[in-house]
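Remarks on the structure that follows.
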Protein chains: 2
Amino acid sequence: MTAPQFTRGPAMRDVASAAGVSAQTVSRVLNEHPNVQESTRRRVLAAVEELGYRRNNTARALVTGQSKTIGVLTLATNNYSRSSLALGVELGAREAGYTVNSVTSSLSAQALTDAVSRLVHQGVDGIIIAAPLQEAAEQVSKITSRIPTVNTDGSSSMGDRMVGVDQDIAAVLATKHLLDLGHKTVWHVAGPVEWSDAASRLGSWRRTLQEAGCEVPPELHGDWSPESGYRNGLILGRMPEVTAILVASDEMAFGVIRALTELGRRIPEDISVVGIDDIDLAAFSNPPLTTIRQSFEDTGRRAVQRLVAQIANPALENTPDLVAPTLIVRGSTAPPPADN
Amino acid sequence: MTAPQFTRGPAMRDVASAAGVSAQTVSRVLNEHPNVQESTRRRVLAAVEELGYRRNNTARALVTGQSKTIGVLTLATNNYSRSSLALGVELGAREAGYTVNSVTSSLSAQALTDAVSRLVHQGVDGIIIAAPLQEAAEQVSKITSRIPTVNTDGSSSMGDRMVGVDQDIAAVLATKHLLDLGHKTVWHVAGPVEWSDAASRLGSWRRTLQEAGCEVPPELHGDWSPESGYRNGLILGRMPEVTAILVASDEMAFGVIRALTELGRRIPEDISVVGIDDIDLAAFSNPPLTTIRQSFEDTGRRAVQRLVAQIANPALENTPDLVAPTLIVRGSTAPPPADN
DNA sequence: GGACATTCTGTTATGGATAACAAATACTGT
DNA sequence: ACAGTATTTGTTATCCATAACAGAATGTCC
């Protein structure tokens, strides 16, 4: 039962014989080696054109050991940060002449390890990890020790192979903004603690309050989803003393705002809400969301640049590459109610 | 100062000699060929384990002609449909034992052609195109004629290699919902006409109005972005006769709603708005958005399944695989104002 | 017991490109 | 003019796994 095959195109040797040269010479022309006579170069290129020849990257990868492909590991959830980072990686890769191989994983150590292993196995030249590794960290770094790796979720175990946005500053900016407006303290809907992004936002929020001499309320936890924000909003909205909330992601902030609105709390008159991420929709929520802008797309790009540099020179020294986020003030924040 | 090399792992022959067999036998064990003695099988597996051997997929791809990789082409924009479709493709691919190679492109014919060509030369076994091809269609199908391809943006030129959600039904459902509520007619903020999704929604909206004997107002156009929705909302909100708007995507609908709100129009009391997509945030907007649910993730999965079937059997007949969307009624729609 | 099928394993050729080496030609300086 | 260097091109080996073929060992049937 031979399935009808999609025929392969011409190979280098076909071009070679068409141009009356050796395959090696064709290879040299295609790789722009200097020592090729102009006349033969033209002859080869003409043959390439005529036969519609395209170099087979698989064969090339086999012999050179470089696939010109980078692997990206993300979690199998569809949130803004994931998708815009992925986009940034793809754009960055294209600019650098690389192709992207993406795999998703669940949060379990086994799944994460498998996913990375799948990438390595697939022959990628380097890996970008955009997921919290957790207990999988040790296993994973065993696999990635042989291959350049960049991490965008500053899991401690990845040491300094880290590219991203400074999460400490993000939460500090947001918290200070609310305190500056006159709020006595700021409540916090945190992300999943497994994510180091969420963890450091939580830490900086707490530290900022302490340094300002404010009471530190107990934090609530969500899972990045709007639903989880909604649930937490239903709780916070029932507490009269809550006047300011820092939500660890814009998507959760949408849920929080919805819940507060349903409970009859006005935003920002009764309660101020700040998100983090500045997703595309943040400017168009009702009210528009004050948030912390951090470009995931840019992070993806920088991660690729770092990775490519590391592929070119594995001895390259690794230093964390963190970018500062900025505060975007919109309509969801205001001074606390007067009678408070 | 020796640069730390990223060494290659052991090869099949290393395993072979460790187990005291030939490389071919190792290959047979790994591919689960039936005719291998249980004792040697165990010996080989032990050697594999001991050396930490992982089969080199590049070499495998070269000789078998199958890379177990599928390519995905998307546009370089970060919207909900793109990212959830990509997620679905990745999940589907993993289930099918495939890996995903993604490339992004701009809308120009040249860029699209290049992108597809990049995928083919990367050695993918099949391609999923999730972008409008337009004038690039002919060029692209020249390239893809040698390789299984599935399209999720029903560009006519791709004939029947089409998987997705029935866009005609989507717009019909939405328009009828508004008419059923008692609106005299429905205005429409359409997507970019290059997208066949947008085009068919536009067509069905118009047809539905005509069949219902309603006046067909001129349509407005956006580019899928919330900003473009906002701009169109500023226009529509100024026209007193507008009581119902069908927006071609939820993301644009957010912008429309924001603009209407700024103009002092209440939703749904003054104006009803329906979106399309049912993005995660739709349930949490203010007011919650009535919309048409269509699972892009599911579309991605189905596209992969179709593609894999086609890879296994290129002679497979292609029939469009369309799924019906459903109407999700939330708070952004209501009967028209009484005095209207 | 001999012809023949079955099971297991090894050998050789192959896929398409490139690195390393080798050879032929052209060019330099003395 | 001749050794010595540069330039251009070709040959051969290699990357790693698998397909196709072949040989050895065991089992079966009359």
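Naming convention: chains lettered A, B, ... in sequence-line order (proteins, then strands); numbering from 1 in each chain.
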For [X] and [N], give me the distance from atom [atom1] to atom [atom2], rounded to whole Å.
X: Asp14(B); N: dC15(D); atom1: CG; atom2: C1'; result: 13 Å
X: Arg13(A); N: dT11(D); atom1: CZ; atom2: C1'; result: 15 Å
X: Arg54(B); N: dC15(D); atom1: CZ; atom2: P; result: 21 Å
X: Asn57(B); N: dA17(D); atom1: CG; atom2: P; result: 9 Å
X: Glu32(A); N: dT18(C); atom1: CD; atom2: C1'; result: 16 Å
X: Gln122(B); N: dG16(C); atom1: CD; atom2: P; result: 17 Å
X: Met12(A); N: dT11(D); atom1: CE; atom2: C1'; result: 16 Å
X: Leu30(B); N: dA19(D); atom1: CG; atom2: P; result: 13 Å

Review point. Side chain of Gln24(B), base of dA19(D): donor and acceptor closer than 3.5 Å?
Key: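 Side chain to base: pair present.
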
Is [Y] paired with [X] through a side-chain N to carboxylate O contact shorter than 4.0 Å?
X: Glu138(B); Y: Lys142(B); result: no
X: Arg302(A); Y: Asp321(A); result: yes
X: Glu90(A); Y: Arg94(A); result: no

[N] phosphate, OP1 or OP2, under 4.0 Å from [X] side-chain N/O:
X: Thr40(B); N: dT9(C); answer: yes
X: Arg60(A); N: dT18(C); answer: yes
X: Thr25(A); N: dT9(D); answer: no
X: Arg55(A); N: dT18(C); answer: yes
X: Tyr53(B); N: dC16(D); answer: no
X: Asn35(A); N: dT7(D); answer: no

Side chain of [X] - closest among [options]:
X: Asn31(B); options: dG16(C), dT18(D), dT9(D); result: dT18(D)
X: Val36(B); options: dT9(D), dT9(C), dA17(C); result: dT9(C)
X: Arg28(B); options: dG15(C), dT9(C), dT18(D); result: dT9(C)
X: Gln37(A); options: dG10(D), dT9(D), dA17(D); result: dT9(D)
X: Leu62(B); options: dC15(D), dG15(C), dT18(D); result: dG15(C)
X: Val63(B); options: dT11(D), dG10(C), dG15(C); result: dG15(C)

Is it the case that the side chains of [Y] and [X] hold a donor-acceptor pair, with the cut-off being a distance below 3.5 Å and no angle test?
X: Asn31(B); Y: Arg55(B); result: yes
X: Arg82(A); Y: Thr77(A); result: no
X: Thr144(B); Y: Ser141(B); result: no

Revision key, fill the gap. Whichever of His33(A) and Ala59(A) has the more 5' nearest nucleotide on DNA chain C, that residue is Ala59(A)

Exercise for review: Looking at every strand, decide which applies to Val21(B) at a 4.0 Å heavy-atom threshold: base, sugar-phosphate, or nothing.
Suggested key: sugar-phosphate

